[in-house]
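The chains referred to below are lettered A, B, ... by the order of the sequence lines, with proteins before strands, and numbering in each begins at 1.
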2 protein chains.
Amino acid sequence: MPSSQADRSSAASEVEGLALFAELSAVIIAASVDEPMVLVRPDVPVDTLPAGPLQSGHRTLEAGLRAWVEQQTNLHLGYVEQLYTFGDTDRIDMPGRGGRSLSIAYLALVRALRASARSGARWQNVYTYLPWEDWRDGRPAVLETIETYLKTWVKDSGDAGALREKRAALAFGLGTDSWSDELVLDRYELLYEAGFVREARRDGETTPLTAMTDYPMGLDHRRILATALGRLRGKIKYRPVIFELMPESFTLLDLQRTVEGLSGIRLHKQNFRRLVETQGLVEETGELQTETGGRPARLVRFRREVLLERPSPGLRLSSTKRPPN
Amino acid sequence: MPSSQADRSSAASEVEGLALFAELSAVIIAASVDEPMVLVRPDVPVDTLPAGPLQSGHRTLEAGLRAWVEQQTNLHLGYVEQLYTFGDTDRIDMPGRGGRSLSIAYLALVRALRASARSGARWQNVYTYLPWEDWRDGRPAVLETIETYLKTWVKDSGDAGALREKRAALAFGLGTDSWSDELVLDRYELLYEAGFVREARRDGETTPLTAMTDYPMGLDHRRILATALGRLRGKIKYRPVIFELMPESFTLLDLQRTVEGLSGIRLHKQNFRRLVETQGLVEETGELQTETGGRPARLVRFRREVLLERPSPGLRLSSTKRPPN
DNA sequence: ACCGCTAATACTCAAATTGAGTATATTCGG
DNA sequence: CCGAATATACTCAATTTGAGTATTAGCGGT
């Protein structure tokens, strides 16, 4: 389609000299029964996500990502989905490097925690980096600090104050007793804007979080992680992606704990099972898991057929206030 | 964070010579009351989406996109969201051009249909390019052809046949009488794989669609459009994005028709209003619209405050079988 | 002034889904 | 054989849906 390229080519030539650099980065999530884990490469002074530059040999972006991850961590990825492409000059570009960087981020889900020694990648609890997101044992303590901090931020902002206040109230459920598990990115963005997270500071200035054993991440990586967690929390509600994290067979409680870990909230046990069963998401293996401490649990497996039956068989979560499970 | 860059830099240098070219492209949607429209540039022999290369002057990707669109179409964008980054070598790269192309696609929603003459962009009905997606007047006729075509494709595929059959059945609701409005991309991908759409053919080979006044789009643009439509159809169900397309004041039926246009299905009128009202999405302006043909309709406006009240006030659509609205 | 057309708006009702429990069944370790 | 601990089953009221029917208000004629 040559003629359609006419004006584009000329426009392109204006920037033909622009050195463009595209990085493929991966948020790789796995789940021990109780904690969601992310694979990181411990660099000094910060942790970074597995990543590598797009190369001409990569037929597709996803293939390129898989290749890098396999090379860096010796891990073969199953489920992969594109997350977002980051490209703000002030947050992505490395100082000293000419040209322009793009970061194409992917979310990957894997079953086991076979972290590989090659390059020393290791699994870290997701909530290490986003400690305010875990409400399974009640309101996280950091939120006290955050709330105080945000209040100052709202006060110090004159006219914009009213809007900031509402945004903060909505994202963090201030005032109300409600918490939206999916607003991960909104919360991160607020904390970034407010200068609460370390990467929002140009200088080495400390922030309240620094004092609280903050685990910083390189470049935009905490933002990418927040994007991934928010997306995943949303997706488990209408697609059976959670099973990408489960072993071949598991108990319904294992499943519930995994979902709770990712969502950061507790669920109503009886209703959770009802949901899983009526949706036909699992089938019995016939075996029992006896190390439960009580009555043995049936082992089940994911019914892959549902993928070809209904279009959106997810797990609409019904949360519970008290945890009397 | 210099040390964290160590191995990355070396990897990068392997491809420092790779000429990377990033294009920002926009699916700009507007809505006349009855039809969803997309802004295209009529190139010969195909239509293309507004697009331009990422330049060093662009502080953010979104800013770059806005700049290109303003320059090419004289249109100022309001709501903009990133859609997807395409980069498969065989679908994106332009023959004859060395190096590698990325296409970072955005979805934009605008209120009016002020197409601009600059560069001759014009509004086209979205269903011109995806005619099988519009079920408002019953099952679209093209689906007969598609069904026949897909059956042959399934037959000609040996072992993979069973899977293909199920995929097709799920995406197009074959066998059942159900239709999932959000599976736009799945359907497009199937038609692409099956060689039904023109752009799937390397040579000038015709396809059944060619014969049926197909309006082809350049490069990957029909795929991008499908991505956009699917995303939008999903999003109106849990975010009040539809109001980005509505004028300042409108009637509830206007709103319903607009939603129907985008979703491609008919809705139950009474329940639609109930939903809009109980969600508190609109407020009365006090005025009436008298050119209705019957009882005058109240004019309402979007209650922007909801954005700061509830986290996901969308329009869960309840479809209807017959259109006795 | 009133009729009938048309569409807006109001109200109804059964079915399905949800939220929150209580009740019963099975193991295990003494 | 008891009690602790869990799994699994069943219940029930409150909402939320899906699908209608009923009523209201202008308009264009006569």
Parallel, tilted or perpendicular: ring planes of B:Trp132 versus B:Phe196, cut at 30 and 60 degrees: perpendicular
State whether B:Asp181 and B:Lys237 are salt-bridged, where the test is any N-O pair (Lys NZ or Arg NE/NH1/NH2 against Asp/Glu carboxylate O) under 4.0 Å. yes
Looking at residues at least two apart in the chain, or sitting in another chain, which of them share a side-chain contact (heavy atoms from CB on, under 4.5 Å) with A:Arg298? A:Leu252, A:Arg273, A:Glu277, A:Glu284, A:Leu288
How close do A:Leu109 and A:Val241 get, heavy atom to heavy atom, and via which atoms? CD1-O, 3.8 Å
Excluding sequence neighbours, so at least two apart, what forms side chain to side chain donor-acceptor pair (under 3.5 Å) with B:Arg187? B:Glu133
For A:Thr258, the side-chain contact (heavy atoms from CB on, under 4.5 Å) test, sequence neighbours excluded, returns A:Ala31, A:Ile242, A:Met246
What is the distance, rounded to the nearest whole Å, between atom CD of A:Gln279 and atom C1' of C:dT17? 12 Å
Between P of C:dA25 and CG of A:Leu252, the distance in whole Å: 20 Å
Non-hydrogen atoms of A:Asn125 and A:Glu35 that approach each other most closely: ND2-OE1, 2.9 Å
B:Arg233/B:Glu182 salt bridge by N-O under 4.0 Å criterion: no
Can you tell me how far P of C:dC13 sits from CD of B:Gln270, to the nearest Å? 16 Å
In whole angstroms, how far is the P atom of D:dC10 from the CZ atom of A:Phe272? 20 Å
Less than 3.5 Å between a donor and an acceptor, one on the side chain of B:Glu277 and one on the base of C:dT9, is that the case here? no
Taking atom NZ of A:Lys166 as the centre, report whether more than 12 heavy atoms of other residues, nucleotides or ligands fall under 6.0 Å from it. no
Restricting both atoms to N or O, compile the protein contacts to nucleotides 11-17 of chain D shorter than 3.5 Å, with distance only.
| unit_1 | atom_1 | unit_2 | atom_2 | d |
| --- | --- | --- | --- | --- |
| D:dT17 | OP1 | B:Arg316 | NE | 3.3 |

Are A:Arg139 and A:Glu144 within salt-bridge range, i.e. N to O under 4.0 Å? yes
Whole angstrom value for the distance that separates C1' of D:dA7 from CZ of A:Phe250: 16 Å
Give every pair of a protein N or O atom and an N or O atom of nucleotides 2-6 of chain D that lie under 3.5 Å apart, one pair per line with the distance.
| unit_1 | atom_1 | unit_2 | atom_2 | d |
| --- | --- | --- | --- | --- |
| D:dT6 | O2 | A:Arg295 | N | 3.2 |

Nearest-Å distance for atom pair CG/P, residues A:Leu317 and C:dA20: 14 Å
Please report, rounded to the nearest Å, how far the C1' atom of C:dA25 is from the CZ atom of A:Arg298. 13 Å
Determine the minimum heavy-atom distance between B:Trp123 and B:Ile28, stating which atoms define it. CZ3-O, 3.4 Å
Per-helix bend value, the helix from C:dA1-D:dT30 to C:dG30-D:dC1, C1' rotation axes over five pairs per end, 10° rounding, shows 0°
Nearest-Å distance, CD (A:Glu284) to C1' (D:dA9)? 14 Å
Any side-chain N or O of B:Arg273 below 4.0 angstrom from OP1/OP2 of C:dT9? yes
